[in-house]
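Every value quoted in this text rests on a predicted model; they were computed, and no experiment measured them. First listed ligand is number 1; within each ligand, the first listed atom is number 1.
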Amino acid sequence: MISGGGTGGHIYPAIAIANAWKERFPGSEFLFVGAEGKMEMQKVPEAGYPITGLKVAGLQRSLSLSNLSFPFKLMSSLSKAKSLVKSFQPDVAIGVGGYASGPVLFAAQNAGIPTLLQEQNSYAGLTNKLLSRRAKKICVAYPGMEQFFPSERIIYTGNPVRKDIMELGGKRELATAHFGLDSNKKTLLILGGSLGARTINRAVLAEMKVFEAAGYQLLWQCGKFYFSEMSKSVLESGLKHIHVREFIKEMDLAYAVADVVVSRAGALSVSELSLVGKPVIFIPSPNVAEDHQTKNAMAYVSHEAAVLLKDAEAIGNLKNAVDNIVNDDAKAEELATNIKKLAKPDAATAIVETIATLIS
Ligand SMILES: CC(=O)N[C@H]1[C@@H](OP(=O)(O)OP(=O)(O)OC[C@H]2O[C@@H](n3ccc(=O)[nH]c3=O)[C@H](O)[C@@H]2O)O[C@H](CO)[C@@H](O)[C@@H]1O
C-alpha cells in the first residue's frame, strides 16, 4: 500500500518505487491511496496502478474558515484509511509525503503493519516526524536528517527516479520530433515544478523575444494554472520558437533534448536533473516551508554543480544567466560533470531492498 501525493514531487517517487518493486517481485499487488481531487488521482492510474482517494485537506497555517472542516475531514479520512488497511491487508505500507500518507500510515501502524517513509526533501514536515516514531525505516535523500528522524532507522538512499529518465541515450532526435523542435537551435528547457511557477513564467514572458532573436528555442512547461494566459501571450507575440506546455508527460524526452535547463528546485526535479547531467540554473521557490528549495539547490550550487538565480532576481536576468553558460563551453561542461557526480542512480533499488527486509 503506497500513500501520499498532492504534487509531482510526492507522486513520481511513489511510482518509481512501485515500478522497481514490480520488476523485482512480479505479481505483487498494489493499492495507492491519494487525496480526492489531487494530481495523483490522474497520474497514478496513467502509470498503471489502482488508486483510492481520501477526503483529506491540509490545515491552513493562516486563520481560515476552511480549517473549521479540518477535524471532520481528518476523522473521515482516518476511518476510511482504517477500513482500507483492513480490507487490503498490505504486507507493508509506504508513505511518500503529502495529504494522504498521514492517515494511511497511522492506520497501518495501529494495525501492526510495517511502515516505511520516503522523505524527498532536506527538511521534514510535522506529519513525517510524527509517523517516524513508529516507522520501521525512513529512506532519505539528504545527509543530516537525524535532526528530524530516529538516526538508527534512517537509510540514505537518495530519491527514487523513474527509469525512463535514467535512460536518455539516443532519445534526442525522437524528442526533437516529438516536441516539434528545430534540431539546429540551442534548446532551453524551462520547468516550474509539477504545478508551474509564477515567477519563472514571468521571467520567460519578459525575455522570450530576446531569447528567440538570439537563436534559442524554448520548451517551456508553465503549469496548468498559467497555461491559458501564457499560450495566449506566445500566440499574440507571433514568436515561432517558444513552445509552451501545460505539463510534460514525457520528461525523459524533455531532458534528452535540453541544452540548458532552468528549473524550480523541488526535491525530485533536483534528483532527476543530477541523473540527467546537463547545465542547470535553479530558481528555488521562496514560498515553501523552511525555504527548503533553496537548501535543495544549495547542496548542488556549493559543489559548482548548478547555478542559482534567486526568485527575486529572475525577471530580467534569465537570458544573461543562460548566456553565461551557453557562451562558456568549459563552464557548461564543468556544471554537467559536477551535477552528475552527485546523482544517486540506485535509490529505487535500495528502497526496494529495504522494503523487502521489512516483509521477510
Ligand atoms: C511548491 C511546492 O510545494 N513544491 C514542492 C513539491 O514540488 P513539485 O511537485 O514541483 O516537485 P518536484 O520538483 O520535487 O518534482 C516534480 C516532479 O514532477 C515531474 N514533472 C514536472 C513537470 C512536468 O511537466 N512533468 C512532470 O512529469 C518531474 O519530472 C518530477 O518528477 O514537492 C517537492 C518534493 O516533496 C518539494 O521539494 C517542493 O518544494
Does Glu246 come within less than 4.0 angstrom of ligand 1, counting non-hydrogen atoms of the residue?
no

Using a strict 4.0 Å cut-off to heavy atoms of Tyr12, name the atoms of ligand 1 that fall inside it.
17 (C), 18 (O), 19 (C), 27 (O), 31 (O)

Should Gln118 and Asn159 count as side-chain neighbours, where that means a heavy-atom distance under 4.5 Å?
yes

Determine whether the side chain, the backbone, both or neither of Phe247 has a heavy atom under 4.0 Å from any heavy atom of ligand 1.
both

Any nitrogen or oxygen of Gly193, side chain or backbone, less than 3.5 Å from one on ligand 1?
no

Got the closest protein heavy atom to atom 3 (O) of ligand 1, with its distance?
Val288 CG1, 3.9 Å

Could you check atom 39 (O) of ligand 1 against the protein and tell me its nearest heavy-atom contact, residue, atom and distance included?
His292 NE2, 2.6 Å

Within-shell test, Arg264 vs ligand 1, heavy atom, strictly < 4.0 Å
no

Ligand 1 atoms nearer than 4.0 angstrom to some heavy atom of Gln120 are 35 (O)

Tell me the closest heavy-atom pair linking Ala108 and Thr115, and the distance in Å.
CB-CG2, 3.8 Å

Aromatic plane relationship, Tyr216 with Phe211 - under 30° parallel, 30 to 60° tilted, over 60° perpendicular:
perpendicular

Is Ala265 in polar range of ligand 1, meaning some N or O pair under 3.5 Å apart?
no

Side-chain donor-acceptor pairs under 3.5 Å in residues 27-37, sequence neighbours left out?
{"from": "Ser28", "atom 1": "OG", "to": "Trp21", "atom 2": "NE1", "distance (Å)": "3.0"}
{"from": "Ser28", "atom 1": "OG", "to": "Phe25", "atom 2": "O", "distance (Å)": "2.7"}

Check this for me - ligand 1, Met251, N or O atoms closer than 3.5 angstrom, yes or no?
no

Please set out all donor-acceptor pairs under 3.5 angstrom arising from side-chain atoms of residues 140-147, sequence neighbours excluded.
{"from": "Tyr142", "atom 1": "OH", "to": "Asn296", "atom 2": "OD1", "distance (Å)": "3.4"}
{"from": "Gln147", "atom 1": "NE2", "to": "Gly144", "atom 2": "O", "distance (Å)": "3.4"}

Should the proximity of Ile248 to ligand 1, defined as any heavy atom under 4.0 Å, be assigned to the side chain, the backbone, both, or neither?
both

Quick check: closest heavy atoms across Leu309 and Ala321, and the distance to 0.1 Å?
CD2-CB, 4.4 Å

Under 4.0 Å to a heavy atom of His10 - the qualifying atoms of ligand 1, by number:
35 (O)

For His292 and Val288 the tightest heavy-atom approach is CE1-CB, 3.5 Å

Close approach of Leu191 to ligand 1, heavy atoms, under 4.0 angstrom
no

Which one holds for Arg162 and ligand 1: side chain close, backbone close, both close, or neither close, with close meaning a heavy atom under 4.0 Å?
side chain

Is it the case that ligand 1 has an N or O less than 3.5 angstrom from some N or O of Leu268?
yes

If you measure from each non-hydrogen atom of Glu272 to ligand 1, which part falls under 4.0 Å: side chain, backbone, both or neither?
side chain

Sub-4.5 Å side-chain heavy-atom contact between Asn19 and Lys163
no

Answer yes or no: is there a side-chain heavy-atom contact under 4.5 Å between Val56 and Leu74?
no

State whether a side-chain donor-acceptor pair under 3.5 Å links Gln217 with Asp182.
no

Run down the list Ser194, Ser271, Ser269 and name the one with the heavy atom closest to atom 21 (C) of ligand 1.
Ser194

Got the closest protein heavy atom to atom 32 (O) of ligand 1, with its distance?
Thr7 OG1, 3.5 Å

Checking a contact table here: which protein heavy atom is nearest atom 37 (O) of ligand 1, and how many Å away?
Asn121 OD1, 2.5 Å

So Cys222 and Glu246, do their side chains get closer than 4.5 Å, heavy atoms only?
no

Does any N or O atom in Gln293 lie less than 3.5 angstrom from one in ligand 1, N or O only?
yes

What one should report as the nearest heavy-atom pair of Ala197 and Tyr226 is N-CE1, 4.1 Å

